[in-house]
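See structure below.
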Amino acid sequence: MNDFDITTPTQEPGLGTAMEVVYQWNYDPEVDELRNLYVKAAEAQWVATRDLDWEREIDMDRFAATPLGLSIPIDQTSYWKALPAETQREATRRIAAFRLSNFLHGEQGALMVAAQLVNCVPHTDAKFYAATQTMDEARHVEVFARYIEKLDTIRPIAPGLKTILDATLTTGDWMKKLVGMQIVVEGLALYSFREMRNLTEEPLLKDLLTYVARDEARHHAYGVQYIEKCVPCLSDAARRELEDFALEAATVVIDSRTGQSFATSMLQEWATMGIDPVELLTCVQRERDELTGGPKKGRRLGPIQGFVVPTLKRLGLFSDRVAARFHEMLRENVGGAAVGESVEEFIAHLPELPRDTAAWVLGASA
Ligand SMILES: [Fe+2]
Ligand SMILES: [Fe+2]
């Protein structure tokens with residue numbers, strides 16, 4: 001009996017894209033940074049089944065320290081502290097399943113975008129590098145799926161993440177693909193992987209995130225090194241378009257006013273277990289300023305302010321125009337005490353990008 005079928009019940013209808021395929025007849029190294037990164041990537045390949053010990057059961061007691069990863073520390077609100085310990089534990093487990101599922105779906109998006117980049121970037125070195133990234137992303141899909149299946153069930157993709165992935169896959173502009181994936185999605189992911197890896201005490205999750213985060217640091221470096229060469233060649237109009245693409249991608253997952261943010265999806269998940277979103281948010285509003293502290297207090301910055309925006313600044317994609325819009329969006333969501341009451345204060349307190357992203361992501365540097 002043949003149980004193979006050409007169409008599968010779990011696939012989505014095809015998404016039409018506007019990608020153009022570009023041949024390149026120069027095979028000599030041309031962008032040395034990218035050629036070096038490609039060699040590094042080839043040397044750093046690992047094998048999920050060989051290099052991780054999958055026999056271990058997930059240690060749920062140690063898993064409980066896994067951070068919620070929210071821009072506001074909900075676990076320090078009086079509402080959260082009054083919840084029974086068992087509810088807190090279950091809420092933590094569910095939020096981790098939700099976050100890991102979105103890491104997983106994001107990895108599938110990255111796999112497909114990286115494969116597109118092989119086709120549409122014009123430089124040979126950039127095509128080579130994107131080929132190694134495609135392999136990395138396949139492995140990331142593999143390991144996250146396997147881990148979640150041990151922990152819980154795979155949750156559906158959050159609507160905001162799907163919107164960014166669709167926009168990045170369907171655009172015909174390869175620079176937008178790089179900005180959408182390498183800078184925004186992978187910037188968000190890198191920040192979250194770092195935080196989860198450094199704080200979780202669950203050994204298999206820690207090991208897995210160590211391998212994945214090392215690869216992701218390279219993917220981010222690819223985006224930075226390539227785009228920073230491209231931006232000075234752009235017209236003002238083209239640069240503005242890229243800036244807006246990055247802002248819109250960040251907004252859709254962070255801004256709760258879009259109705260598609262990660263926080264909105266998470267509150268919906270919690271509502272099913274009796275955590276009242278209105279009561280929780282009212283408590284957050286009331287206690288917000290003391291929870292987040294001021295921009296100078298060394299508190300958690302969150303992935304946009306702490307990593308994505310500093311990357312855009314380095315790339316020349318953070319004009320005053322777009323800075324004002326980022327500031328307005330963040331202030332609306334996490335409060336002026338967290339991001340600065342004025343755009344000047346916001347800009348003054350942006351961190352520098354780490355010099356060595358791989359060391360930063362593994363907690364070896366500030
Ligand atoms: Fe990845
Ligand atoms: Fe990646």
Side-chain angles (χ1 to χ4, degrees), residues 33-34 37-38 40-49 51-52 69 99-121 126-148 154 157-158 161-162 164-169 174-197 205-227 246 249-250 253 262 303 307-308 311-312 315 353-354 356-358 360-362:
E33 300 93 316
L34 301 187
L37 214 50
Y38 158 72
K40 252 195 194 166
E43 285 168 352
Q45 293 295 304
W46 48 282
V47 178
T49 47
D51 298 332
L52 287 164
R99 292 182 77 207
L100 289 164
S101 296
N102 281 287
F103 291 165
L104 166 66
H105 303 310
E107 297 291 358
Q108 182 187 173
L111 170 67
M112 295 199 285
V113 173
Q116 285 188 331
L117 291 174
V118 174
N119 289 272
C120 63
V121 292
K127 288 180 184 290
F128 281 8
Y129 183 78
T132 65
Q133 182 171 337
T134 306
M135 185 63 213
D136 293 347
E137 305 297 11
R139 211 169 34 233
H140 299 173
V141 175
E142 178 192 355
V143 295
F144 279 118
R146 195 159 172 185
Y147 189 83
I148 300 166
I154 294 173
I157 188 166
L161 178 60
K162 180 69 164 48
I164 304 188
L165 295 181
D166 283 359
T168 306
L169 283 162
W174 58 268
M175 266 185 258
K176 285 187 185 161
K177 291 183 191 293
L178 280 166
V179 167
M181 180 49 64
Q182 256 72 13
I183 305 306
V184 179
V185 176
E186 298 196 304
L188 291 167
L190 204 51
Y191 193 93
S192 304
F193 292 165
R194 172 183 194 254
E195 190 172 64
M196 192 182 266
R197 178 200 170 272
L205 183 59
K206 212 177 185 70
D207 288 353
L208 177 161
L209 287 169
T210 303
Y211 277 106
V212 172
R214 267 189 214 129
D215 292 345
E216 294 300 345
R218 239 175 13 245
H219 304 170
H220 180 260
Y222 169 58
V224 169
Q225 289 172 3
Y226 199 15
I227 299 167
V253 285
F262 282 130
F307 199 69
V308 174
T311 308
L312 293 169
L315 295 173
L353 263 191
D356 180 342
T357 314
W360 172 80
V361 89
L362 299 178

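Just so you know, ligand 1 is whichever comes first in the structure, and atom 1 is the first atom listed for that ligand. Note that the structure is predicted; figures quoted are calculated from it, not measured.
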Please table the atom pairs, donor to acceptor, closer than 3.5 Å between any side-chain atom in residues 103-118 and protein atoms at least two apart or in another chain.
| from | atom 1 | to | atom 2 | distance (Å) |
| --- | --- | --- | --- | --- |
| His105 | NE2 | Arg155 | O | 2.7 |
| Glu107 | OE1 | His140 | ND1 | 3.3 |
| Gln116 | OE1 | Lys177 | NZ | 2.8 |
| Gln116 | NE2 | Leu169 | O | 3.1 |

Is a donor on one side and an acceptor on the other found under 3.5 Å between the side chain of Asp136 and the backbone of Glu216?
no
Main chain of Ala41, side chain of Gln45: is a donor-acceptor contact present, judged purely on distance under 3.5 Å? yes
Sequence neighbours excluded, the answer for side-chain contact (heavy atoms from CB on, under 4.5 Å) partners of Ala249 is Ile164, Val184
Quick one: does any side-chain atom of Tyr222 pair with a main-chain N or O of Ala126 as donor and acceptor, under 3.5 Å?
yes
The expected count of protein N/O/S atoms at less than 2.8 Å from the Fe ion (ligand 1) is 4
Hits for side-chain contact (heavy atoms from CB on, under 4.5 Å) against Arg197, two or more places apart or cross-chain, chain-then-number order -> Lys206, Leu209, Thr210, Leu362
